[in-house]
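Data block below; observations after.
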2 protein chains.
Amino acid sequence: MLAHVVPNAVPKVDFSALAVCRGLGREAATNIMAITSLQKRAAGETIFWEGDPADSVFEVVKGTLRLHKLLPDGRRQVTGFLCAGHLVGLAPEGTWVYTAEAITEVTLCRYRRSAFERLIDTVPGFARRVLTATSHELRVAQDQMLLLGRKTAAERVASFLLLMAEQQGGGDDAESISVPMGRNDIADYLGLTVETVCRTLTQLKRHELIELPTHGRIVIRDHDALEALASGGIGFGL
Amino acid sequence: MLAHVVPNAVPKVDFSALAVCRGLGREAATNIMAITSLQKRAAGETIFWEGDPADSVFEVVKGTLRLHKLLPDGRRQVTGFLCAGHLVGLAPEGTWVYTAEAITEVTLCRYRRSAFERLIDTVPGFARRVLTATSHELRVAQDQMLLLGRKTAAERVASFLLLMAEQQGGGDDAESISVPMGRNDIADYLGLTVETVCRTLTQLKRHELIELPTHGRIVIRDHDALEALASGGIGFGL
DNA sequence: CGCAAACTTGATGTTGCTCAAGCTAGGTGG
DNA sequence: CCACCTAGCTTGAGCAACATCAAGTTTGCG
């Protein structure tokens with residue numbers, strides 16, 4: 001309907017499929033659609049920078065985003081990867097507290113923050129949905145704190161692979177998962193270096209827990225062993 | 001020690017001073033007070049365990065809580081310290097995702113979750129307040145991810161001291177901050193060992209950035225230097 | 001005053017980082 | 001269509017930061 005399309009024309013999108021709309025009535029969904037605009041960004045583009053004024057809320061419609069924070073000397077921590085259905089910018093801070101970049105080509109749905117906040121106050125059930133989403137992010141962040149503070153390199157990589165597998169809602173055996181982010185991104189997400197991530201993946205391959213068929217794809221051969229490894233169980237000499 | 005107290009029987013607590021009430025009208029505050037119960041816990045007591053069913057929301061009224069997660073082999077990550085005014089248990093998960101323990105003697109205000117959720121849906125502005133609080137937790141968690149993933153031991157300890165100082169809303173010079181948690185807790189919060197925390201504190205003392213007058217108290221002598229250190233600036237040979 | 005728990009300090013060990021060098025895949029231009 | 005070229009990936013050797021192990025030392029409490 002009133003959805004503004006910026007900057008590239010984006011073909012038919014089913015607005016009622018947007019995550020923010022799920023479970024809401026037709027009228028509420030219409031309210032939301034009325035304040036959206038769609039954007040398409042190429043892989044590698046920056047959506048916003050840490051420190052910039054934040055007047056929008058984004059929903060990822062398609063593709064994958066990477067969020068990160070920097071130290072003055074350039075050390076980087078990736079705080080999360082967002083795939084379709086995730087919201088970013090819910091915090092009522094005045095400025096962004098991380099930088100967001102597109103890993104793949106990305107389609108975003110943008111809401112003006114002020115309008116979004118009005119919805120929170122007026123649409124029944126909407127606040128609960130947003131609160132649930134934020135709480136889930138917080139829970140994930142706490143799991144990541146355990147990983148970063150206390151897990152070994154092998155445990156971190158195993159945890160990451162399982163997280164990716166789960167996100168892609170796979171069955172259990174012989175999952176082939178898509179890994180759109182580069183080794184550098186994985187390393188900065190896990191608090192390791194590229195080299196350590198590579199070496200660990202190679203080891204996992206050698207032990208036949210995974211396969212590395214092509215760039216951007218990893219096959220999980222032994223889900224159970226990865227789980228055991230991820231939570232600090234058996235070591236496999238890793 | 002499990003002093004379960006009916007609200008009205010505890011005259012000394014000013015309910016309208018509870019964090020959840022701030023900014024709400026008299027009627028809303030009355031609604032909230034009607035669903036509370038007060039608890040007092042001794043230092044060292046566990047409030048709830050990771051994995052236990054979570055049917056409550058707690059507000060810390062007095063004292064300090066410690067939240068942590070465990071790996072099967074006992075490695076521990078402290079995910080946060082909560083002092084007066086903080087809420088815990090907002091996530092709509094069925095079970096607790098961390099363990100909460102009292103560091104000092106603690107006074108808690110307990111809300112039944114179902115009643116709390118009804119407030120979210122019915123009291124104007126309440127959902128926003130809760131969402132704001134949760135978003136803030138998330139922001140803090142992301143800062144901690146940067147710390148755990150990318151900062152050196154000295155940077156972590158400096159960051160921690162500044163965080164404590166800020167929480168106690170001090171002025172800038174010669175702050176004496178209260179550090180109720182033990183070295184072990186600090187270590188598990190920062191992803192270090194007790195020994196490393198001790199050594200680093202000793203070094204900071206040697207360089208006259210801090211003083212260690214008594215247990216449970218630290219004096220910040222050079223706030224600026226600590227800030228520089230915390231964000232990876234100058235090294236001070238640390 | 002004595003005791004246990006927490007803290008501090010020292011000596012040694014190991015994980016993951018740094019630096020350095022190939023390797024591979026995918027994209028580009030001839 | 002193929003050769004080249006570059007960015008990203010992989011592997012290796014040596015090293016440093018922090019962990020581990022092992023004593024002391026202090027503190028607070030009974």
Side-chain angles (χ1 to χ4, degrees), chain A residues 42-44 66 71 73-78 103-105 147-160 179-206 210-218 229 232 235-238, chain B residues 42-44 66 71 73-77 103-105 147-158 160 179-206 210-218 229 232 235-238:
Chain A
R66 175 214 314 140
L71 287 172
D73 64 357
R75 279 174 285 173
R76 187 179 74 146
Q77 179 66 38
V78 171
I103 285 181
T104 62
E105 186 185 83
L147 180 148
L148 292 169
R150 289 304 181 211
K151 289 191 182 177
T152 66
E155 288 162 8
R156 292 180 201 204
V157 172
S159 301
F160 171 74
V179 183
M181 61 292 286
R183 298 285 189 265
N184 243 307
D185 291 342
I186 299 175
D188 284 347
Y189 180 61
L190 298 178
L192 299 170
T193 59
V194 200
E195 294 94 328
T196 300
V197 170
C198 272
R199 275 189 258 272
T200 306
L201 285 173
T202 304
Q203 301 240 355
L204 291 177
K205 185 170 98 179
R206 233 175 250 144
I210 61 169
E211 283 169 47
L212 303 168
T214 69
H215 274 196
R217 198 149 271 282
I218 297 181
L229 183 53
F236 293 98
L238 293 174
Chain B
R66 175 213 316 141
L71 286 172
D73 65 357
R75 278 173 286 173
R76 188 178 74 148
Q77 179 65 40
I103 285 181
T104 62
E105 185 183 84
L147 179 147
L148 292 169
R150 290 300 180 214
K151 289 191 182 176
T152 66
E155 288 162 9
R156 293 181 200 204
V157 172
F160 171 75
V179 183
M181 62 291 287
R183 298 285 189 264
N184 243 307
D185 291 341
I186 299 176
D188 284 346
Y189 180 61
L190 299 178
L192 300 169
T193 58
V194 199
E195 293 93 329
T196 301
V197 170
C198 272
R199 274 187 257 271
T200 306
L201 285 173
T202 305
Q203 301 241 355
L204 291 177
K205 185 171 98 179
R206 233 173 250 145
I210 62 170
E211 282 169 46
L212 302 169
T214 68
H215 273 195
R217 198 147 272 282
I218 297 180
L229 182 53
F236 292 99
L238 294 174

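Just so it is clear, the model here is predicted, and its values are computed rather than measured. Below, chains carry the letters A, B, ... as their sequence lines are ordered, and counting in each starts from 1.
- Closest of all the heavy-atom pairs between A/Tyr189 and A/Leu148 is O-CD2, 3.8 Å.
- Between atom CZ of residue B/Arg199 and atom CZ of residue B/Arg206 there is a gap of 11.0 Å, rounded to the nearest 0.5 Å.
- Protein chain A contacts DNA chain C from C/dG16 to C/dC19, reading 5' to 3' and using non-hydrogen atoms of the protein with a distance under 4.0 Å.
- Rounded to a whole Å, the CD1 atom of A/Ile218 is 14 Å from the C1' atom of D/dT10.
- In this structure, CD on B/Glu155 lies 6.5 Å from CG on B/Leu229, to the nearest 0.5 angstrom.
- Taking every heavy atom of both residues into account, A/Asp188 and A/Gln77 meet most closely at O-NE2, 3.0 Å.
- A donor-acceptor contact shorter than 3.5 Å links the side chain of B/Arg156 to the backbone of B/Lys151.
- No option in A/Asp185, A/Val157, A/Thr200, A/Thr196 other than A/Val157 meets the side-chain contact (heavy atoms from CB on, under 4.5 Å) test with A/Leu190.
- Closest heavy-atom contact between A/Thr104 and A/Pro180: CG2-CB, 3.7 Å.
- Considering CG of B/Leu192 and SG of B/Cys198, their distance stands at 11.5 Å, rounded to 0.5 Å.
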Contacts under 3.5 Å, N or O only, protein and nucleotides 15-19 of chain D:
{"residue": "D/dC18", "atom": "OP1", "partner": "B/Ala153", "partner atom": "N", "Å": "2.9"}
{"residue": "D/dA19", "atom": "OP2", "partner": "B/Thr193", "partner atom": "N", "Å": "3.4"}
{"residue": "D/dA19", "atom": "OP2", "partner": "B/Thr193", "partner atom": "OG1", "Å": "3.1"}
{"residue": "D/dA19", "atom": "OP2", "partner": "B/Thr196", "partner atom": "OG1", "Å": "2.5"}

Give every pair of a protein N or O atom and an N or O atom of nucleotides 27-30 of chain D that lie under 3.5 Å apart, one pair per line with the distance.
none

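- Proximity of a side-chain donor or acceptor of B/Arg150 to a complementary backbone N or O of A/Arg75 within less than 3.5 Å is not detected.
- Considering CG of B/Leu201 and NZ of B/Lys205, their distance stands at 9.5 Å, rounded to 0.5 Å.
- B/Glu195 has its CD atom 16 Å from the P atom of D/dG24, to the nearest Å.
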